[in-house]
Every structure is written in structure tokens, then in C-alpha cells.
Amino acid sequence: MDATFFDRPAATVAAALIGHGLLVDGVGGVIVETEAYDRTDPASHSFAGPTRRNASMFGPPGRAYVYRSYGLHWCLNLVCETGSAVLLRAIEPTMGLETMRARRGLDAQRLLCAGPGRLAQALGIDLSHDGLRLDRAPFAWGAPQGPVTVAATTRIGISRGVEVPWRFLVPGSPYLSRPLPRAKPGAGPAG
DNA sequence: CGCATGATGCACT
DNA sequence: GTGCATCATGCGT
């Protein structure tokens, strides 16, 4: 998981990351949901150009971009090509479950890392991680354990760029922030 | 289960 | 002053 992995379009990286393991100080699991944001994307923090907050997005690929969301949550992004990044939205928790439960308070395992804010809280992410290299401690990566099924859908929690299918996920995973949207009636197999 | 709403900080205009 | 790349809770069905 060197810098060349991240030096590609964010959507490419976001899809490729599904199924990889991610640990922060030994705590984490398997990535099951991501979103891509890039320079041409009105929903992206980088859309209006470099600012103090998004400085990491315009730095070298393979670093973390951390920002505060709605005043109370932290969100962890992985910087890709200049001005683009992948938002980590959900992880299947496998390592350091006790630590995650302690950080999040009593919680079902299903909800430990189901959502960008929850994920960041469970992994102990805050502003001190902004700009850190992803190829060294506290970050550690693992290759997918087997074949991975990836679905692409539209993104969540944004008001612009709503139609771009840059949310990537494992369709059947119970650890998603939200399940795969149901297909329109009549548009798919009967059932 | 679904929708509505309050919490709460800061970058940006 | 405004608007969020969110989460937990409360109420109605």
C-alpha cells in the first residue's frame, strides 16, 4: 500500500480499497464502504480550490485528510490524485473490538464503524492525523482475504453532485452505514 | 421502519 | 451569518 496505489483517480482507488484491511494503532477491520470526491465535483471540499482546511487534499497522494463534520464528528479521507480523496464510510470491525466499544460507548458491533463519524471515533481519528502518511504507523494495511464483490451507488449526505455513482460498497455487508438502495419496482428480477 | 429534529464547531463568504 | 461529505433520539405508523 505505497503512494503509487493512491496516485490514481479517487473513484478508482475508492473501488480498489473495498475488501482491504485497515488498522490504526492495531484497531480496525475490513473496509466495506467508501466514497470518492475529486476536483471537478461540486460536493468535494476541494471544488472551490485550496483552503486551510482542505490543504491535505492538495498535498502528495497517500496521506490522510481529516476534517470535522457538523461540529462534532471527525471524518477520515485518503488523499489520491491532487485535489481528490476517498472518504472512508464503513469498516467491518475485526481487531480491537474492546477499544472501539470503549471509545464509542456501549454499542452493537454492527454500529461500531458504520458511518464516517462512527468509524473515525472507533479508530481514534482526530485532527492530529491530518496530513499523516498512510504507509507507516499508526496506519497498517492488509490485502483482501478473498474475492470481493463491489457495487457502486450514488453518495450520501450531500446536496450537490448527487447523481455521481461514486459510493462503493460490499452489497450484502451488515456493517454498512446504509444498505444498498433497493432497485426500482419492475427494474429487476421478480421477488 | 420511516421521517424530523437537536446537538455543536468551524471554514467560508 | 450560513451551511455543512453526521449521529442519536423521539414520535408516528
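All values reported here derive from a predicted model rather than from experimental measurement.
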How many Å lie between CG on A/Leu119 and P on C/dC7, as a whole number? 9 Å
Let's see if you can work this out: which of C/dA5, B/dG9, C/dA8 has an atom nearest to the side-chain heavy atoms of A/Tyr37? C/dA5
Side chain of A/Ser69 (C-beta onward), nearest among B/dG9, C/dT6, C/dA8: C/dT6
Hey, is the side chain of A/His73 poking within less than 4.0 Å of OP1 or OP2 on C/dC7, counting only N and O atoms? no
Please say whether the positively charged group of A/Arg63, taken as NZ for Lys or CZ for Arg, lies over the ring of A/Tyr65, i.e. under 6.0 angstrom from the six-membered ring centre and within 45 degrees of the axis. no
Given side chains that start at C-beta, do those of A/Tyr37 and A/Ser46 come closer than 4.5 Å, heavy atoms only? no
Can A/Ser173 and A/Glu92 be said to form a side chain to side chain donor-acceptor pair (under 3.5 Å), step by step? CA-CA 8 Å; A/Ser173 173; A/Glu92 175 183 344; 5.2 Å; no
Please check the phosphate of B/dC10 (OP1 and OP2 only) for any side-chain N or O of A/Arg52 closer than 4.0 Å. no
A/Arg68 CZ - C/dC7 C1' separation (whole Å): 14 Å
If a pair means Watson-Crick or G-U wobble with both distances below 3.5 Å, what does DNA chain C look like in dot-bracket form, with | marking bases paired to a different strand? ||||.|||||||.
Any donor-acceptor pair under 3.5 Å from A/Arg155 side chain to A/Ala36 backbone: yes
Expressed in angstrom and rounded to an integer, what is the separation of A/His45 atom NE2 from B/dT13 atom P? 12 Å
Counting heavy atoms not belonging to A/Arg178, are there more than 12 under 6.0 Å from its CZ? no
Is the distance from OP1 or OP2 of C/dT6 to the nearest side-chain N or O of A/Arg89 less than 4.0 Å? yes
Nearest listed nucleotide, side chain of A/Leu72, among B/dT8, C/dA5, C/dA8: B/dT8
DNA chain C nearest-nucleotide lookup for A/Leu111 and A/Ala85: closer to the 5′ end is A/Ala85
I'd like to know if the side chain of A/Glu35 and the backbone of A/Ile156 have a donor-acceptor N/O pair within less than 3.5 Å. yes
Given side-chain contact (heavy atoms from CB on, under 4.5 Å), test A/Glu81 with A/Asp38 step by step and report yes or no. CA-CA 8 Å; A/Glu81 284 183 342; A/Asp38 84 6; over 6 Å; no
Using modelled atom types only, decide if a donor and an acceptor are shared between the side chain of A/Trp141 and the backbone of A/Leu134 within a distance under 3.5 Å. yes
In whole angstrom, give the distance that lies between atom CH2 of A/Trp74 and atom C1' of C/dA5. 15 Å
May I ask you to list the residues of residues 157-167 of chain A, by number, that have any heavy atom positioned under 4.0 Å from an atom of DNA chain C? A/Gly157, A/Ile158, A/Ser159
Do A/Met100 and A/Leu123 come close enough that some side-chain heavy atom pair is under 4.5 Å? yes
Residue-phosphate contact under 4.0 Å: A/Arg53 side-chain N/O, C/dG3 OP1/OP2: no
With the criterion being N/O to N/O and under 3.5 Å, what pairs connect the protein with nucleotides 4-6 of chain B, and how long is each?
none

Between the base of C/dA5 and the side chain of A/Tyr67, is there a donor-acceptor distance below 3.5 Å? yes
With a 4.5 Å limit on heavy-atom distance, are the side chains of A/Met1 and A/Leu17 in contact? yes
